[in-house]
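Note that the numbering runs from 1 along the sequence shown for the chain. Both ligands and their constituent atoms are indexed starting at 1 by order of listing.
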Amino acid sequence: MNGVLFGPPGSGKGTQAGALCEHFAMTHVSTGDMLREAVRNGTELGKKAQSIMAEGKLVPDDLVGGVVREKILDLTARDRGILFDGYPRNLEQALFLDSCLEEAGTRIHVAAVLEIAEEELVKRICGRRLCTRSGCTGAYNVYFMAPKTEGKCDLCGSDLMQRKDDNEATLRERLEVYNGQTRPLLEYYEEKDLLIRVAANGSVSDIRQSLLAKIEEKQGGSR
Ligand code: AMP
């Protein structure tokens, strides 16, 4: 199964994507993570993306599309289902995604959106802290889910960091991009009868249960 996960910044996409991938044996493809890695490694893509990301704007479609296509061809060749997180962000990317999947002989089977009021997002984003160790999934919030030792990861003890774009000014820009370019895409998946909507203001495990139940229901209906 291939899926797409939508939601504004701070809606918990990354956390839920991890749980869905484990449950449905999919590979998590996060374009945000791929771009941050390119920035860390100082690649050509990273150099081009860095300042655009810091401003909360979208990196040009052709730059992101190139890495997404490579990933799709590699994973589908290995018969892995994919969960896209942060891609597509606009209609051009959605059309490109469909064409890449078609080239690989497959398609999107489900699209899910995490829905949450904007007032909730500021604390979620500005309080977010992530583990600096590559591959560690430690994620915290200084307001709701503080680490046991300030500034250190509970899982591995490494330092925690705050993403450069996790500040209120950039959040406003990211929300504007989401509402203006990404949210209209939901209609694209709704028209294909692939969209499920999940309220994202409960606990992590309640949201996960609700997502899993709705995806299984959708899959059952399409069999
Ligand atoms: P995310 O981790 O998904 O919130 O993405 C962080 C930042 O990476 C975004 O604000 C964009 O600057 C960039 N980015 C991630 N995915 C895309 C995409 N599909 N298209 C363009 N830019 C992206």
Side-chain angles (χ1 to χ4, degrees), residues 2-18 20-21 27-72 82-101 108 111-114 116 118 120-122 124-132 134 136-141 161-186 188-189 200:
N2 300 310
V4 182
L5 188 57
F6 291 106
S11 57
K13 282 193 309 294
T15 306
Q16 296 300 337
L20 290 182
C21 285
T27 298
H28 183 195
V29 170
S30 156
T31 43
D33 286 350
M34 285 156 73
L35 289 167
R36 278 184 288 278
E37 194 181 332
V39 170
R40 263 197 310 277
N41 294 338
T43 65
E44 279 310 305
L45 170 65
K47 284 181 200 153
K48 289 180 186 149
Q50 188 163 23
S51 59
I52 304 173
M53 291 171 75
E55 285 175 30
K57 298 193 179 348
L58 290 187
V59 174
D61 292 344
D62 55 332
L63 294 183
V64 186
V67 289
V68 168
R69 181 173 175 274
E70 253 176 53
K71 204 84 193 175
I72 290 173
I82 305 173
L83 181 65
F84 296 92
D85 159 7
Y87 194 92
R89 287 280 229 278
N90 57 32
L91 185 61
E92 289 68 31
Q93 292 187 3
L95 296 170
F96 182 74
L97 176 61
D98 283 352
S99 76
C100 292
L101 288 169
I108 291 294
V113 56
L114 298 175
I116 184 157
E118 284 192 9
E120 288 265 333
L121 299 175
V122 178
R124 285 194 179 202
I125 283 288
C126 299
R128 176 156 70 177
R129 299 291 182 275
L130 302 170
C131 183
T132 47
S134 177
C136 182
T137 54
Y140 308 86
N141 188 294
M161 54 87 111
Q162 185 169 22
R163 270 172 50 174
K164 277 211 174 63
D165 53 354
D166 278 352
N167 60 72
E168 195 166 342
T170 308
L171 170 63
R172 298 281 166 215
E173 177 64 32
R174 286 157 75 198
L175 280 174
E176 218 171 292
V177 170
Y178 181 76
N179 288 327
Q181 300 191 49
T182 309
R183 195 189 288 282
L185 254 191
L186 299 178
Y188 178 79
Y189 290 97

Asker: If you measure from each non-hydrogen atom of K57 to ligand 1, which part falls under 4.0 Å: side chain, backbone, both or neither?
Answerer: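 The answer is the backbone of K57.
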
Asker: Below 4.0 Å, non-hydrogen atoms only: which portion of L58 touches ligand 1? Side chain, backbone, both or neither.
Answerer: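 It is both backbone and side chain that touch ligand 1.
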
Asker: For atom 15 (C) of ligand 1, state which one of Q93, R89, E173, Q50 supplies the nearest heavy atom.
Answerer: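 The nearest heavy atom belongs to R89.
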
Asker: Taking K164 for its side chain and A54 for its backbone only, find out whether a donor-acceptor pair lies under 3.5 Å.
Answerer: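 No, K164 side chain to A54 backbone: no donor-acceptor pair under 3.5 Å.
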
Asker: Can a donor-acceptor pair be found, under 3.5 Å and without considering hydrogens, that links the side chain of T170 to the backbone of N167?
Answerer: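 Not at all, since once roles are kept as given, no pair shorter than 3.5 Å links the two residues.
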
Asker: Which of the atoms of ligand 1 are close to D165, meaning less than 4.0 Å from one of its heavy atoms?
Answerer: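 Heavy-atom distances to D165 below 4.0 Å select 6 (C).
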
Asker: Checking a contact table here: which protein heavy atom is nearest atom 16 (N) of ligand 1, and how many Å away?
Answerer: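 In this structure, atom 16 (N) of ligand 1 has T31 OG1, 2.8 Å as its nearest protein heavy atom.
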
Asker: Using a heavy-atom cut-off of under 4.0 Å, does the side chain or the backbone of V59 touch ligand 1, or both, or neither?
Answerer: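 Under 4.0 Å from ligand 1, V59 contributes backbone and side-chain atoms.
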
Asker: Counting heavy atoms only, which part of D33 comes closer than 4.0 Å to ligand 1: side chain, backbone, both or neither?
Answerer: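 Answer for D33: neither.
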
Asker: Provide the number and element of each atom of ligand 1 under 4.0 Å from a heavy atom of R174.
Answerer: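 Matching atoms, with element in brackets: 4 (O).
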
Asker: Which pair of non-hydrogen atoms, one from S11 and one from I116, has the smallest distance, and what is that distance?
Answerer: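 Heavy atoms of S11 and I116 come nearest at CB-CG2, 3.9 Å.
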
Asker: Which atom pair, heavy atoms only, marks the closest approach of T27 to C21?
Answerer: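 Taking T27 first and C21 second, the nearest heavy atoms are C-SG, 3.9 Å.
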
Asker: Is the closest side-chain heavy-atom distance between I125 and R174 below 4.5 Å?
Answerer: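 Result yes, sub-4.5 Å side-chain heavy-atom pair found.
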
Asker: Is there at least one pair of N or O atoms, one from K13 and one from ligand 1, spaced under 3.5 Å apart?
Answerer: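 By distance alone, the answer is no.
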
Asker: Backbone, side chain, both or neither: what part of R163 comes under 4.0 angstrom of ligand 1, heavy atoms only?
Answerer: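 Side chain only.
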
Asker: If only atom types and distance count, is the side chain of Q162 paired as donor or acceptor with the main-chain N or O of C126 below 3.5 Å?
Answerer: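 Here the side-chain-to-backbone pair exists.
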
Asker: Could you list the atoms of ligand 1 found under 4.0 angstrom from a heavy atom of R36?
Answerer: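 Checking each atom against R36, I get 2 (O), 6 (C).
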
Asker: Who's the nearest protein heavy-atom neighbour of atom 13 (C) of ligand 1, and how far?
Answerer: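 Here the nearest protein heavy atom works out to L35 CD1, 3.6 Å.
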
Asker: Over all heavy atoms of both residues, which pair between D61 and E92 is shortest? Give the atoms and the distance, please.
Answerer: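 Closest heavy-atom pair between D61 and E92: OD2-CB, 3.5 Å.
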
Asker: What heavy-atom pair brings R124 and N141 nearest, and what distance separates the two atoms?
Answerer: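 For R124 and N141, the tightest heavy-atom pair comes out as O-ND2, 3.1 Å.
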
Asker: Tell me whether I52 has any N or O atom under 3.5 angstrom from an N or O of ligand 1.
Answerer: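 Such a contact does not occur with ligand 1.
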
Asker: Among F6, Y188, F96, which one satisfies side-chain contact (heavy atoms from CB on, under 4.5 Å) with P88?
Answerer: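 Of the listed residues F6, Y188, F96, the side-chain contact (heavy atoms from CB on, under 4.5 Å) partner of P88 is F6.
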
Asker: If you count the atoms of ligand 1 from 1 in the order shown, which ones are under 4.0 Å from a heavy atom of M53?
Answerer: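 Heavy-atom distances to M53 below 4.0 Å select 7 (C), 8 (O), 12 (O), 13 (C).
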
